[in-house]
Amino acid sequence: MKFGTIAELKNAVQASGHWDEEFCDEACLQRYLRARNGDVTKAAAMLKATLEWRKEQKVDDMKLEEFANMRYMREGWVYVDGNDADGRSVVVSPLSCPAFSGDGWDQVIM
């Protein structure tokens, strides 16, 4: 099987009408390709699902104050560690945190 390219994945996701220029940078596209062993179809499906979820959850509209009120922040399971190059808050979670076993991740991953 041929390992798909970033351009192929980008074209597939754009053609489906699910595209977010800010979220889908080259590093993001590469991560999705690697996660699906270079299979563009599977990577595109995974990325489209992520973009749909982000839109439904209004992740880009979320303010730090709203996130701070979430149980995970209040109980110290995640914390803000500065900003990325675009000024967005970077939220960190230790992988060993017992709160994230089982179904806990789906409420935190953005």
Side-chain angles (χ1 to χ4, degrees):
M1 179 180 96
K2 174 187 152 230
F3 199 91
T5 67
I6 290 173
E8 290 171 328
L9 177 56
K10 181 177 182 177
N11 290 338
V13 177
Q14 284 179 327
S16 73
H18 296 85
W19 185 250
D20 180 336
E21 190 72 37
E22 187 175 336
F23 181 76
C24 299
D25 61 10
E26 281 195 28
C28 172
L29 297 173
Q30 186 65 48
R31 284 191 299 273
Y32 278 82
L33 275 173
R34 283 191 201 134
R36 293 297 174 245
N37 296 317
D39 186 316
V40 172
T41 303
K42 290 180 180 178
M46 183 180 181
L47 181 51
K48 284 187 277 186
T50 299
L51 293 171
E52 288 172 4
W53 179 88
R54 288 176 58 84
K55 186 176 180 179
E56 289 168 8
Q57 300 301 316
K58 299 179 179 157
V59 171
D60 293 327
D61 297 332
M62 199 171 196
K63 306 280 188 264
L64 180 57
E65 298 81 32
E66 295 167 1
F67 191 78
N69 289 326
M70 292 178 70
R71 177 178 149 221
Y72 299 109
M73 182 81 71
R74 285 192 319 267
E75 295 181 11
W77 297 342
V78 296
Y79 59 93
V80 176
D81 189 27
N83 299 318
D84 67 9
D86 294 321
R88 296 172 295 213
S89 298
V90 175
V91 179
V92 179
S93 166
L95 288 176
S96 61
C97 183
F100 299 132
S101 59
D103 293 333
W105 281 108
D106 66 344
Q107 297 176 20
V108 175
I109 300 296
M110 292 181 205

*Give the minimum heavy-atom separation between G4 and L33, together with the two atoms involved.*
O-CD1, 3.5 Å
*Pairs involving residues 7-19, ordered by first then second residue, that meet salt bridge (charged side-chain N to carboxylate O under 4.0 Å, His left out) (sequence neighbours left out)*: K2-E8
*Would a 4.5 Å heavy-atom cut-off, applied to side chains only, mark L47 and C28 as touching?*
yes
*Would you name the heavy atoms of W19 and V13 that are closest together and state the gap between them?*
CE3-CG1, 3.7 Å
*Spatial distance of atom CD1 (I6) from atom CG (N11) [nearest 0.5 Å]*: 12.0 Å
*Please list, chain by chain and in numerical order, all residues satisfying side-chain hydrogen bond (donor to acceptor under 3.5 Å, both in side chains) with S16, sequence neighbours excluded.*
H18
*How far does CE of M46 sit from CG of L9, to the nearest 0.5 angstrom?*
11.0 Å
*Name all pairs fulfilling the side chain to side chain donor-acceptor pair (under 3.5 Å) condition that reach into residues 24-34, sequence neighbours left out, sorted by first residue then second.*
Y32-T50
*Can you list the residues that meet the side-chain hydrogen bond (donor to acceptor under 3.5 Å, both in side chains) rule with E56, with sequence neighbours excluded?*
none
*Find the distance between CG (D20) and NZ (K55) and round it off to the nearest 0.5 Å.*
10.5 Å
*Sequence-distant partners of Q14, side-chain hydrogen bond (donor to acceptor under 3.5 Å, both in side chains), two or more places apart*: none
_With sequence neighbours excluded, residues passing salt bridge (charged side-chain N to carboxylate O under 4.0 Å, His left out) with D81_ = none
*Between CG on residue D39 and CZ on residue F3, distance to nearest 0.5 Å*: 10.0 Å
